[in-house]
Every structure is written in C-alpha cells, then in structure tokens.
Amino acid sequence: MLSRVAENIFWMSRYMERSNFQIKVFHTRYIAYQDGASTESWENFCDEYQIKVEDDDHSFGNLLSKALFDIENDSSIANNIFRARENARSAQDHINKDVWQCLNDFHHQMKDKSLIRQAKYGDPISVFDALVKQAMVYYGVIDNSVARDFGYCFIELGKYVERILNCINLIRKQWLLYGEDLLDNDYSSWRYFLSSVSGYDFYLRNNLGTMEKERIFYQIIYEPLFPNSIAYCLQEIEKFAKHLQANSNAEEKDESVEFFIGKCIANVQFTRHPRSREEKMQFLSKIESDVYEVVNIFNQSFFGLVLKI
C-alpha cells in the first residue's frame with residue numbers, strides 16, 4: 001500500500017469520526033436546550049464551531065443549520081463529510097464499493113435542501129435522526145464488509161485517534177464549565193455530557209444510579225470496557241499498530257511506533273489520579289500532547305514510505 005493511500009484512508013476515518021462525534025454533541029445540546037437545562041453560551045458555541053452570525057440571529061435553528069450544513073464554515077459537518085469523501089476518492093482501490101457508496105450518499109444528504117430547511121425552521125430531531133442513521137450505516141459497512149488488511153488498520157487508527165482528541169476537548173470544556181462550580185445536587189449537565197458520548201446507560205449500570213463527577217471523569221479516562229474512554233481507544237491503537245508492524249517487511253518496521261504508544265498508555269495508567277481542576281487540565285493536556293506525538297510517529301513511519309501487503 002502506498003503511503004499516500006494509507007494517509008488518505010487514515011484521514012477519511014478521522015473526518016468521519018469527527019462528524020459522528022459532533023452530530024451526537026449537537027443532538028444532545030438540542031435536547032438540553034429543549035429541556036431548559038444549563039448550557040454554555042451561544043457566543044462560546046459560535047466561537048468553537050467558527051459560526052458567523054448575520055443580523056445577530058442566535059436562534060438555535062440558525063446556529064444548528066450553519067454548524068451542520070454551511071459549506072462556508074470550515075468546521076461544519078458538511079465540510080468534514082466532503083473531506084472524508086475526497087480522501088476516500090483517492091483511495092478507491094483500497095476501500096470497497098460499499099464504503100464509497102455510503103460516503104457518497106452521506107455527502108449528497110448534506111446537500112439536501114429539505115434537511116437544511118428542517119434544521120433551520122422545523123424540528124431538528126428528524127434531521128438528527130437522518131444523520132445518525134447514515135453515520136451508523138457507515139460504521140456498519142466498515143465493520144461488516146471491509147477486509148482486515150492494512151486499509152482496515154488505518155481506518156481504525158484514524159477513528160480512535162480522533163475519538164481520543166474529541167473526548168479530551170469535551171471533558172476539558174465540561175470540567176471548566178461545571179467541574180467545581182456546580183451545586184452537588186444538580187447533575188443535569190453531566191447527564192447530558194454522558195449522553196453526548198453514548199455513556200449514560202453504561203454509567204448507570206456500573207454506578208447504581210448515583211451521579212458523581214469523579215466517577216464520570218474516571219469512566220471517560222480509565223474505563224477499559226467503555227468504547228469511548230481514552231484507555232480503551234489507546235488499547236485499540238496499540239493493537240492495530242502492532243498488526244501493521246507484524247505484517248510489514250523487516251526494513252519497514254519502526255520500534256518507535258510501539259515505544260510512543262506504550263509511553264502514552266503508561267502515562268494514563270500510572271499517573272496519579274488528578275484531583276483539582278488544575279491537575280485535571282494538566283493531565284488532559286499531557287495526554288493530548290502524547291497523542292499528537294503518536295500521530296507524528298505515524299506520519300514518519302506509515303505515511304512516508306511504501307507498505308507492501
């Protein structure tokens with residue numbers, strides 16, 4: 001496999017994971033907004049997702065339509081889907097027809113004018129349902145039809161790298177907003193937070209229905225059985241990186257790949273659990289820095305040479 005093709009597949013997966021993650025976050029934010037729960041300001045929302053508002057229109061429908069469908073917004077889901085599709089186009093010989101068809105359908109769905117109008121002026125729930133369904137089709141196609149070769153490994157590496165970075169950003173923002181200032185008897189914002197990472201049911205099953213911020217933090221960082229936790233994602237990254245190394249030619253193997261992944265895992269497992277907000281921010285920044293270091297090693301080891309199957 002050519003290194004440029006591997007990189008295309010890696011970034012296709014990253015853009016799709018980013019889109020799926022944002023869809024869930026926007027969906028949960030809309031539900032919280034409808035329930036009258038405390039949420040971050042619309043100004044912060046616009047800054048984070050680079051939304052330009054005309055005529056001071058901060059209505060949820062206008063902001064949502066721009067975050068989802070505005071092609072002039074570099075961070076919109078429509079643009080992420082477009083980038084995923086373009087990367088897939090450059091790697092069509094190494095992804096099957098079903099994956100390409102799924103991405104192509106998703107791209108055209110993001111241009112559907114009826115969905116755009118529904119998001120802006122109607123009930124966004126039907127829009128979220130359509131987008132979530134299409135995202136699930138994509139993940140189903142990947143799981144059930146893609147051969148477990150180098151291409152699949154790069155899909156999984158891209159997915160889990162992006163998931164870690166998204167989770168770090170989300171838990172960092174959540175803790176800064178509500179980690180220490182929230183009243184002990186008001187956990188509604190944390191319930192919505194867990195829902196946005198598909199972790200609410202898992203949390204309730206493992207914590208007897210009690211809501212504690214430290215236990216939520218533990219689940220997001222350390223829980224090895226929760227597929228959106230940082231520990232779980234690092235385990236998967238290590239597994240697929242080892243598979244790539246084991247099936248590469250001897251001259252193509254790079255021991256630094258396993259070293260930096262192992263270093264990142266060790267920093268998560270053996271660093272003293274952070275207690276204060278400052279310690280948590282430093283801990284999350286360290287994990288983030290380690291993950292970017294791993295990505296840089298991928299760039300050097302996987303995307304700068306020719307891998308042969």
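Along the sequence shown, the residues carry numbers beginning at 1. Only a predicted model underlies this, so the values are computations on that prediction, with no experimental measurement involved.
A donor-acceptor contact under 3.5 angstrom links the side chains of Gln101 and Asp105, judged on distance only.
Following chains of ILVMFWY side-chain contacts shorter than 4.5 Å, one cannot reach Phe82 starting from Ile77, and the two form parts of different hydrophobic clusters. Connection of Leu225 to Ile216 is established within a shared hydrophobic cluster, with ILVMFWY side chains joined at heavy-atom distances below 4.5 Å, either directly or through further cluster members. Ile71 and Met16 end up in different hydrophobic clusters when Ile, Leu, Val, Met, Phe, Trp and Tyr side chains are linked at under 4.5 Å.
Lys280 places a side-chain N or O within 3.5 Å of a backbone atom of Pro274 that can act as its donor or acceptor partner. At least one donor-acceptor pair under 3.5 Å links the side chain of Gln118 to the backbone N or O of Asp123. Ser229 places no side-chain N or O within donor-acceptor distance of the main-chain N or O of Ile220, the cut-off being under 3.5 Å. Asp112 places no side-chain N or O within donor-acceptor distance of the main-chain N or O of His108, the cut-off being under 3.5 Å. A donor-acceptor contact shorter than 3.5 Å links the side chain of Gln219 to the backbone of Gly199. Between the side chain of Ser3 and the main chain of Phe303, a donor-acceptor pair closer than 3.5 Å is present. Asn166 places a side-chain N or O within 3.5 Å of a backbone atom of Glu162 that can act as its donor or acceptor partner. Side-chain N or O atoms of Asn87 include none that pairs as donor or acceptor with a backbone N or O of Trp11 at under 3.5 Å. Judged by distance alone, with hydrogens and angles left aside, the side-chain atoms of Arg148 form a donor-acceptor pair with the main-chain N or O of Val146 at under 3.5 Å. Remark: side-chain polar atoms of Asp70 are not paired, donor with acceptor, to backbone N or O of Ser76 under 3.5 angstrom.
To the nearest 0.5 Å, the span separating SG on Cys264 from CG on Leu234 amounts to 4.5 Å. One distance of note links OG1 of Thr271 with NZ of Lys286; it measures 8.5 Å at 0.5 Å rounding. Note that OG of Ser289 and CD1 of Ile168 are 10.0 Å apart. Values are rounded to the nearest 0.5 Å. Taken to the nearest 0.5 Å, the CD1 atom of Ile23 stands 13.0 Å off from the CZ atom of Arg18. With values rounded to the nearest 0.5 angstrom, Phe298 atom CZ is found 4.5 Å from Leu157 atom CG. Note that CG of Leu131 is 5.0 Å distant from CZ of Phe69, once rounded to the nearest 0.5 Å.
The pair Glu17-Lys159 does not meet the salt-bridge criterion, since no charged nitrogen lies less than 4.0 angstrom from a carboxylate oxygen. Salt bridge annotation for Lys66-Glu72: absent, with no cationic side-chain nitrogen under 4.0 angstrom from a carboxylate oxygen. Using a cutoff of 4.0 Å between basic side-chain nitrogens and carboxylate oxygens, Lys239 and Glu156 are not scored as salt-bridged.
Taking the side chain as every heavy atom from C-beta outward, Leu68 and Leu64 approach each other to under 4.5 Å. Within the 4.5 Å cutoff, the side chain of Pro224 has no heavy atoms near those of the Tyr232 side chain. Side-chain contact between Ile265 and Gln269: present, with at least one pair of heavy atoms (C-beta onward) separated by less than 4.5 Å. Taking the side chain as every heavy atom from C-beta outward, Ser13 and Tyr160 never approach each other to under 4.5 Å. Counting heavy atoms from C-beta on, the side chains of Leu115 and Met110 never come closer than 4.5 Å. Between Phe302 and Ile297, every side-chain heavy-atom pair lies at or beyond the 4.5 Å cut-off. Contact of the Val132 side chain with the Asp129 side chain is not registered, since no non-hydrogen atoms from C-beta on lie closer than 4.5 Å. At least one side-chain heavy atom of Val25 sits under 4.5 Å from a side-chain heavy atom of Leu170.
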Go through the steps for Trp100 and Arg85 under the test side-chain contact (heavy atoms from CB on, under 4.5 Å), then give the verdict. CA-CA 8 Å; Trp100 170 252; Arg85 179 174 176 263; 3.8 Å; yes

So Arg89 and Glu86, salt bridge (charged side-chain N to carboxylate O under 4.0 Å, His left out) or not? Walk me through it. CA-CA 5 Å; Arg89 184 197 300 277; Glu86 290 305 296; 3.3 Å; yes

Could you give me the CA-CA distance, side-chain angles and deciding distance for His273 and Glu214, then say whether side-chain contact (heavy atoms from CB on, under 4.5 Å) is met? CA-CA 10 Å; His273 180 71; Glu214 290 295 340; 3.1 Å; yes

Could you go through the side-chain contact (heavy atoms from CB on, under 4.5 Å) check for Glu236 and Cys233 one step at a time? CA-CA 5 Å; Glu236 294 299 296; Cys233 293; 5.7 Å; no

Start with the C-alpha gap between Cys102 and Gln134, add the side-chain angles, then the distance that decides, and say whether side-chain contact (heavy atoms from CB on, under 4.5 Å) holds. CA-CA 8 Å; Cys102 178; Gln134 190 62 39; 3.7 Å; yes

Apply side chain to side chain donor-acceptor pair (under 3.5 Å) to Tyr15 and Asn79, showing your working. CA-CA 9 Å; Tyr15 283 126; Asn79 272 326; over 6 Å; no

Set out, in order, the CA-CA distance, both residues' side-chain angles and the distance that settles ring-ring contact (aromatic ring centres under 6.0 Å, His included) for Phe202 and Phe226, then state yes or no. CA-CA 8 Å; Phe202 183 96; Phe226 178 54; 5.4 Å; yes

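When all heavy atoms are compared, the tightest approach of Val5 to Ser90 is CG2-O, 4.4 Å. The heavy-atom pair separating Arg14 from Gly158 by the smallest distance is CG-O, 3.3 Å. The shortest non-hydrogen separation linking Ser256 to Ser301 is OG-OG, 4.3 Å. Asn228 approaches Ser198 most closely through the heavy-atom pair ND2-CB, 4.0 Å. Considering every non-hydrogen atom in both Ser19 and Ile81, the closest pair reads OG-CD1, 3.5 Å. The minimum heavy-atom distance linking Ala241 with Ile261 is given by the pair CB-CD1, 3.5 Å.
Heavy atoms from other residues, nucleotides or ligands lying under 6.0 Å from OH of Tyr121 number 12 at most. Residue Ile125 qualifies as enclosed at atom CD1: its count of foreign heavy atoms under 6.0 Å is above 12. Atom OH of Tyr222 has more than 12 neighbouring heavy atoms from other residues, nucleotides or ligands inside a 6.0 Å radius.
Applying the ring-ring contact (aromatic ring centres under 6.0 Å, His included) test between Phe217 and each of Tyr178, Tyr203, Trp175 identifies Trp175 as the sole match.
Using the six-membered ring where Trp is involved, Trp190 and Phe193 have ring planes that are perpendicular, over 60° apart on the 30 and 60° scheme. Taking the six-membered ring where the residue is Trp, Phe240 and Tyr152 present perpendicular rings, their angle passing 60° and hence far from 30°.
For the side-chain hydrogen bond (donor to acceptor under 3.5 Å, both in side chains) condition, the pairs that include at least one residue of residues 258-268, sequence neighbours left out, are Lys263-Glu293, Asn267-Asp290.
Among residues two or more places apart in sequence or in another chain, the salt bridge (Lys or Arg N to Asp or Glu O under 4.0 Å) test is passed with Asp98 by none.
Residues Phe10 and Phe154 place their aromatic rings such that the two centres sit no closer than 6.0 Å.
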